[in-house]
S.K.: 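Have a look at this one before I ask anything.
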Amino acid sequence: MNGPPLAPNGPVGAVLPEIEGTSLEGRQVTVPHSLDGMWRFLLWGFTPRQQPILDAWLAVVSRWCSQERRVTAWELPVVDVASAWERTIVEHAMRSVIRAPEARARTISIYRPVRDVLRCLGMDRPEVTVLLVDTLGVIHFRAIGKPDQTAALAARSVLDKLLARVDARAH
């Protein structure tokens, strides 16, 4: 992980430190810089039990991604394993569950101790966290937990403002 960790609760406007990960396609990725999209929703999960919450967020932001090519969504499971052997087992299990090529491409496993990733994200508990970042890694939106109506509307409002700002500059 490169860059200073975020302050607690990683304020909007802070820059997300670089974190190395591996896609389920086996591609090495530097989050957030080597991800596609002008605006990137990063969905962080820390335990398998959080998958329904991640799926709910993914359903929300995937609609926006399908409507706007400049917006992408990335699922970032944090896997606290030490050995290459354990990583192989985890990757095989994830690939057996995640079969769609587009889902495999957007799933970036972060093989780091959970406590290190939490510190990097400015968090004290391993909760589902959604960040909206730009190409530089600047955080424009942050939500923790389920995508209730308030969180989803707030995310969409921020995204709409960012897209409008870019569109206004283009004209």
Side-chain angles (χ1 to χ4, degrees), residues 1-24 28-35 37 39-62 64-65 71-87 89-91 93-94 97-98 103 106-159 161-162:
M1 291 182 266
N2 294 325
L6 296 175
N9 297 318
V12 169
V15 176
L16 181 67
E18 292 181 344
I19 301 174
E20 299 298 319
T22 306
S23 77
L24 287 184
Q28 295 300 305
V29 177
T30 301
V31 176
H33 301 296
S34 60
L35 302 177
W39 307 107
R40 302 142 185 201
F41 280 99
L42 307 180
L43 288 65
W44 298 85
F46 298 91
T47 69
R49 285 180 289 198
Q50 293 174 335
Q51 192 60 50
I53 299 170
L54 290 167
D55 290 343
W57 267 110
L58 193 58
V60 170
V61 300
S62 290
W64 304 337
C65 296
V71 180
T72 57
W74 303 90
E75 201 168 344
L76 303 162
V78 178
V79 184
D80 196 346
V81 297
S83 72
W85 180 78
E86 290 173 307
R87 287 173 73 161
I89 291 171
V90 169
E91 286 177 5
M94 289 175 72
V97 174
I98 302 171
R106 75 167 174 257
T107 302
I108 311 296
S109 299
I110 308 296
Y111 293 103
R112 303 286 303 207
V114 168
R115 69 180 180 284
D116 291 354
V117 176
L118 291 175
R119 186 175 48 79
C120 179
L121 296 175
M123 299 173 59
D124 55 2
R125 291 189 315 246
E127 299 175 276
V128 169
T129 299
V130 176
L131 302 176
L132 174 59
V133 302
D134 61 24
T135 57
L136 300 175
V138 175
I139 300 169
H140 295 273
F141 172 81
R142 179 185 191 123
I144 295 175
K146 296 178 183 176
D148 60 22
Q149 187 174 8
T150 302
L153 287 173
R156 185 63 208 215
S157 175
V158 170
L159 178 61
K161 288 175 186 172
L162 293 169

S.K.: Say whether, by atom type as modelled, one donor and one acceptor occur between the side chain of Thr129 and the main chain of Glu127 under 3.5 angstrom.
M.R.: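 Pair found, side chain donor or acceptor close to backbone of Glu127.
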
S.K.: State the CZ-CG distance between Arg112 and Asp80, to the nearest 0.5 angstrom.
M.R.: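 So the gap between those two atoms works out to 10.5 Å.
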
S.K.: Test side chain to side chain contact (heavy atoms under 4.5 Å, CB included) on Leu121 and Leu16 and set out the steps.
M.R.: CA-CA 7 Å; Leu121 296 175; Leu16 181 67; 3.5 Å; yes

S.K.: In terms of the angle between their ring planes, are Trp64 and Phe41 parallel, tilted or perpendicular, with boundaries placed at 30° and 60°?
M.R.: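 The arrangement is tilted - the two ring planes meet at 30° to 60°.
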
S.K.: Find the distance between NE2 (His33) and CG (Leu136) and round it off to the nearest 0.5 Å.
M.R.: 7.0 Å

S.K.: Please say which of Ile19, Ile108, Leu76 ends up in a side-chain contact (heavy atoms from CB on, under 4.5 Å) with Val29.
M.R.: Ile108

S.K.: Applying side chain to side chain contact (heavy atoms under 4.5 Å, CB included), run through Leu132 and Val158 and close with a yes or a no.
M.R.: CA-CA 9 Å; Leu132 174 59; Val158 170; 4.1 Å; yes

S.K.: Do Leu43 and Val128 make a side-chain contact, defined as non-hydrogen atoms from C-beta onward lying under 4.5 Å apart?
M.R.: no

S.K.: So, applying side-chain contact (heavy atoms from CB on, under 4.5 Å) with Val31, which one of Val133, Leu131, Leu42 is it?
M.R.: Leu42

S.K.: What's the spacing between Gln149 CD and Leu153 CG if we round to 0.5 Å?
M.R.: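 Taking CD in Gln149 and CG in Leu153, the distance rounds to 5.0 Å.
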
S.K.: May I have the step-by-step check of side chain to side chain contact (heavy atoms under 4.5 Å, CB included) for Met123 and Trp44, ending in yes or no?
M.R.: CA-CA 12 Å; Met123 299 173 59; Trp44 298 85; over 6 Å; no

S.K.: Shortest non-hydrogen contact from Glu75 to Pro77?
M.R.: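 Reported closest heavy-atom pair: O-CD, 3.3 Å.
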
S.K.: When rounded to the nearest 0.5 angstrom, what distance separates SG in Cys65 from CG in Leu58?
M.R.: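 Atom-to-atom, Cys65:SG and Leu58:CG are 8.0 Å apart.
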
S.K.: Do Arg106 and Leu24 pass the side chain to side chain contact (heavy atoms under 4.5 Å, CB included) test, and can you show the C-alpha distance, the side-chain angles, and the key distance before you say yes or no?
M.R.: CA-CA 8 Å; Arg106 75 167 174 257; Leu24 287 184; over 6 Å; no

S.K.: Kindly give the heavy-atom pair with the smallest separation between Ala152 and Val60, and that separation in Å.
M.R.: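 Shortest heavy-atom separation between Ala152 and Val60 comes out as CB-CG1, 4.2 Å.
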
S.K.: CG of Leu118 to CZ of Phe46: how many Å apart, nearest 0.5 Å?
M.R.: 5.0 Å

S.K.: Please check this pair: side chain of Glu18 against backbone of Gly137, looking for a donor-acceptor N/O pair closer than 3.5 Å.
M.R.: no

S.K.: Using atom types as modelled and distance alone, determine if a side-chain donor or acceptor of Trp57 lies under 3.5 Å from a backbone N or O of Gly145.
M.R.: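 Between the backbone of Gly145 and the side chain of Trp57 there is a qualifying donor-acceptor contact (under 3.5 Å).
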
S.K.: Once you round to the nearest 0.5 Å, how far does SG of Cys120 lie from CZ of Arg115?
M.R.: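 Spacing of SG (Cys120) from CZ (Arg115) equals 13.5 Å.
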
S.K.: Between His140 and Val138, which heavy-atom pair has the shortest distance, and what is it?
M.R.: CD2-O, 3.1 Å

S.K.: Minimum heavy-atom separation for Lys146 and Ala151, please, with both atom names.
M.R.: O-CB, 4.3 Å

S.K.: Considering non-hydrogen atoms only, spot the tightest contact between Pro52 and Pro48 and give its length.
M.R.: CD-O, 4.3 Å

